[in-house]
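Notes follow once the structure below has been shown.
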Amino acid sequence: MDLVAAFGLQILYGIANLALISLGLAIIFGMMRVINLAHGEFIMLGGYTVVVATNAGVDIWVAMLILAPLVVGVIGVVVERLLIRWLYGRMIDTLLATWGLSLLFIGLVTSIFGASTATTISPPLGVLTIGEYTSSAYELLLIGITAALCIAVFVVLRGTKFGLIARGTMQNAEMASALGVSTSRIYMVTFGVGAAISGLAGGLLAPITGVLPTIGAVYIAKAFITVISGGAAILAGTVSASALLGGVNGVTAFLTGPTIGEVALLLTAIVLLRLMPRGITGTIFKKSL
């Protein structure tokens, strides 16, 4: 029974990890149709924000939950105003521009922190004991934070005036503009929120994964696979794809090892997109958010 509980916790953590690193991309790509290849670097910048802040004496919870999303959110707003705002509707151009942006961020961070050694901070909360097995209590907290974050995004998009205006603007910007909505401001805020959530993900994962200038490459492929597999619905797609792919990865990694687990995740995504070209929510949850 202890083994089942410990194994179940690891599966839930794998699912939460995928959802956490994918949610910011789901907002930027799913809502705005912007292919943001700098998404991994937004996560990386959130991690470095936590490292720098904690080394300066800031409480780790303040650094992770406030400073990381705030700093990366501001960077996202600046990027949208200076670069992305000129490229809406030009997906290939945004792909190339954000690829160059990712290389810029990697170069700047490498020149400041170096590239050879991962910067680490100790995870808070200590060890969780489950019978004969041990796990990180912080991983359990991450599961709860990810669930709360998904609920918060749902409430904002479904139950607030801003969420209604944002969804309407993304669906028909010309009609929203005719009704007096500042579409430029909505695009800016939405991109900034997506970047802030990515920064939050990076800050929360920094104590577990450590931080390197190139660590964004670890996140970007999984995030895009999850978002595309989920389909058009922002939240339902991210959660359903994370549950499927994270579950397959966790079970396979437990039975065979982490490398085969990653391969199984990729193969599952390939089969899923072959059977459901429009993703999970394009086939099953068509009217979901």
Side-chain angles (χ1 to χ4, degrees), residues 11-36 39-40 42-43 46 65 69 72-73 76 141-173 176 186-205 219-249 265 268-269 272-273 276-289:
I11 295 295
L12 287 176
Y13 170 69
I15 294 171
N17 185 291
L18 272 184
L20 187 62
I21 66 174
S22 303
L23 191 55
L25 181 65
I27 292 174
I28 292 176
F29 177 64
M31 287 184 66
M32 306 178 71
R33 313 314 297 173
V34 171
I35 302 178
N36 180 24
H39 172 71
F42 284 164
I43 297 176
L65 299 176
V72 181
L141 177 66
L142 277 186
I143 295 171
I145 291 176
T146 303
L149 181 61
C150 290
I151 293 171
V153 171
F154 176 82
V155 170
V156 170
L157 291 179
R158 178 71 74 179
T160 66
K161 182 180 179 180
F162 170 76
L164 178 63
I165 292 174
R167 289 189 290 125
T169 300
M170 302 311 161
Q171 292 174 10
N172 193 327
I186 293 297
Y187 279 120
M188 177 187 70
V189 173
T190 304
F191 193 92
V193 169
I197 292 175
S198 301
L200 175 63
L204 290 171
L205 292 173
Y219 299 122
I220 186 68
K222 286 185 178 181
F224 264 106
I225 288 171
T226 302
V227 171
I228 293 172
S229 298
I234 304 163
L235 194 56
T238 301
V239 172
S240 59
S242 297
L244 175 62
L245 300 178
V248 169
N249 184 17
L265 184 152
T268 302
L272 175 65
L273 291 174
M276 301 179 181
R278 298 175 62 186
I280 296 173
T281 55
T283 304
I284 301 176
F285 309 113
K286 294 184 178 180
K287 296 184 179 180
S288 300
L289 175 61

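Keep in mind that the numbers below use all heavy atoms, side chains included, and drop hydrogens, waters and symmetry copies.
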Checklist entry - Are L265 and L18 close enough that some pair of their side-chain heavy atoms sits under 4.5 Å apart? => result yes
Item to check | CZ on R158 to CZ on R167, rounded to 0.5 Å | outcome: 5.0 Å
Checklist entry - Between L25 and N36, what is the shortest heavy-atom contact and its length? => result CD1-O, 4.1 Å
Checklist outcome for this item: In terms of heavy-atom contacts, S198 and F42 come closest through CB-CB, 3.9 Å
Checklist entry - For Y13, which residues count as a ring-ring contact (aromatic ring centres under 6.0 Å, His included) partner, sequence neighbours excluded? => result none
Next on the checklist: Determine whether a donor-acceptor pair (N or O, by modelled atom type, separation under 3.5 Å) exists between the side chain of T281 and the backbone of A232.
Outcome noted: yes
Next on the checklist: Quick one, L244 and S229 - any side-chain contact, counting heavy atoms below 4.5 Å?
Outcome noted: no
Item to check | Spatial distance of atom CD1 (I280) from atom CG (L273) [nearest 0.5 Å] | outcome: 9.0 Å
Item to check | Nearest-0.5 Å distance that lies between atom NZ in K222 and atom CG in N249 | outcome: 5.5 Å
Checklist entry - Which pair of heavy atoms, one from S22 and one from T238, lies closest together, and at what distance? => result CB-CG2, 4.0 Å
Item to check | Atom pair CG (L149) and CG (L142), whose distance is rounded to the nearest 0.5 Å | outcome: 11.5 Å
Next on the checklist: If I compare all heavy atoms of L235 with all of C150, which pair ends up nearest, and what's the gap?
Outcome noted: CD2-O, 3.4 Å
Checklist outcome for this item: Taking every heavy atom of A201 against every heavy atom of I43, the minimum-distance pair comes out as C-CG2, 4.4 Å
Item to check | Interatomic spacing from CD1 in I21 to CG in L205 - rounded to 0.5 Å | outcome: 7.5 Å
Checklist entry - How far apart are the C-alpha atoms of L204 and L65, what are their side-chain angles, what is the distance that settles it, and do they pass the side chain to side chain contact (heavy atoms under 4.5 Å, CB included) test? => result CA-CA 8 Å; L204 290 171; L65 299 176; 3.9 Å; yes
Next on the checklist: Could you tell me if the side chain of L20 sits less than 4.5 Å from the side chain of I197, heavy atoms only?
Outcome noted: no
Next on the checklist: Please give me the minimum heavy-atom distance between T226 and S242, naming the atom from each residue.
Outcome noted: CG2-OG, 3.4 Å
Next on the checklist: With rounding to the nearest 0.5 angstrom, report the CE to OH distance, M32 to Y187.
Outcome noted: 7.0 Å
